[in-house]
Amino acid sequence: MHTNSHIEINQNALQNNIDFLKKLYGKKVILSSVVKGNAYGHGIPEFVRSAFSCGVTHFSVFDADEARAVKKELQDKVSILIMGFVSDEDIFWAIENNVSFYVFDKIRMQKTIKIAKKLNKKATIHIEVETGMNRTGFEKSELLWVSKMLKENTDTLIFEGLCTHFAGAESVSNFYRIEKQISNFTTAETFFRKENLVPNIKHSACSAASIMFPETRMDLVRIGIMQYGLWSSPEVFVHYLNSKKIKKDPLQRIISWKSEVMSVKKVNPGDYIGYGTSFMASEKMKVAVIPVGYSHGYSRSLSNHGRVLINGKRCMVIGTVNMNMLTVNVSDLETVKKGDEAVLIGNQEDISISIASFSDFSNTLNYELLTRLDKGIPRKII
Ligand SMILES: *Cc1c(COP(=O)(O)O)cnc(C)c1O
């Protein structure tokens, strides 16, 4: 556990985002909150607890460990869907605990049937079909086999979902590829319907697809980045705004990351600050040291680029970001002392550091930056 910084989850902002999304998609569409990657760095326990009080009752995760983390926090009050990795032992666990999971290849299908038989309990599965991302999913040529399995194993399998994932719906340059994927998905769905196999839930949309291609919303949307108050890309945001009279961002960032000044010192012109020679003081300067570094998830690429809020002013990161510390130019601050609050992401008085500005500097996607936030940093809901 690191006590040198902490992360705050703003429940009011989350409620705003969830309300906005639910209204956008309508009552008939299930909002599944995607909490893989430790809830995009927000922290699974705190985030899902907060999301549950905001009315979310469906969560999607990457693997069984994350599913366990959600289960531990919310027990049987919510539905959980594993979209990615499940080991053989995890299949046992998932079936026993009513956690549904993707089946995207023959091996997993056979394992699932075998284990469900052994447990004498039905597995709730989502059949993922390959539509053009070429990552996971049954090929078109395998669908007849899948259909046969589903029909022959109604005592062990519940065909709850039919799904796919798009290969970059956040960028207009992928438009043709996504359109082709949508059409391939319709073909698969038609195939199953002709086989008299109708899943309860058809789903395909992530945040970007739900905005750029509304027809992909179907019965359930798997929403990650937008619930955290960020857009998948500037293109998606602009696309949304174009359809609106009021040009205002309806989403609010819910995360803040705060630390404090550990030490302050004065340096003279010509002095280098930190390792090497990446920053030289050209005049008398005041430097504050913050006990946060790349080991906590503050990217090294923010060396000489990042900004930190101290005493209501935006201060530049100077020198290289170290493993556990970074240095900030506080020459413009009249007073600054050990213990003053340092905001790495979030607001101080009327100024803010958004994650987007942060990641523009570092050329890192919002996604990557958030998920790098160390698990050991304490999180709290405010
Ligand atoms: C991560 C993920 C999502 C959510 O993506 P966002 O862009 O964050 O909304 C949806 N579906 C799958 C399969 C994913 O892996």
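None of these values were measured; they are calculated from a predicted model. Note that ligands are numbered from 1 as they come in the structure, with each ligand's atoms numbered from 1 the same way. Numbers here are sequence positions counted from 1. All values below were derived from every heavy atom in this structure, side-chain atoms included, with hydrogens, water molecules and symmetry-related copies excluded.
Side-chain atoms of Ser60 and Ser32 include a donor-acceptor pair closer than 3.5 Å.
Between His126 and Tyr102, the ring planes lie parallel to each other; the angle is under 30°, not in the 30° to 60° tilted range. Relative orientation of the Phe213 and Phe175 rings is parallel, given thresholds of 30° and 60° on the angle between their planes. In this structure, Phe159 and Phe192 have tilted ring planes: the angle between them lies in the 30° to 60° band.
In this structure Arg49 satisfies the salt bridge (Lys or Arg N to Asp or Glu O under 4.0 Å) test together with Glu73, sequence neighbours excluded.
At distances below 3.5 Å, not a single donor-acceptor pair connects side-chain atoms of Asp271 with backbone N or O atoms of Val267.
At a 4.0 Å heavy-atom cut-off, the residues surrounding ligand 1 are Val34, Lys36, Tyr40, Met83, His165, Cys206, Ser207, Arg222, Ile223, Gly224, Ile225, Tyr367, listed by chain and number.
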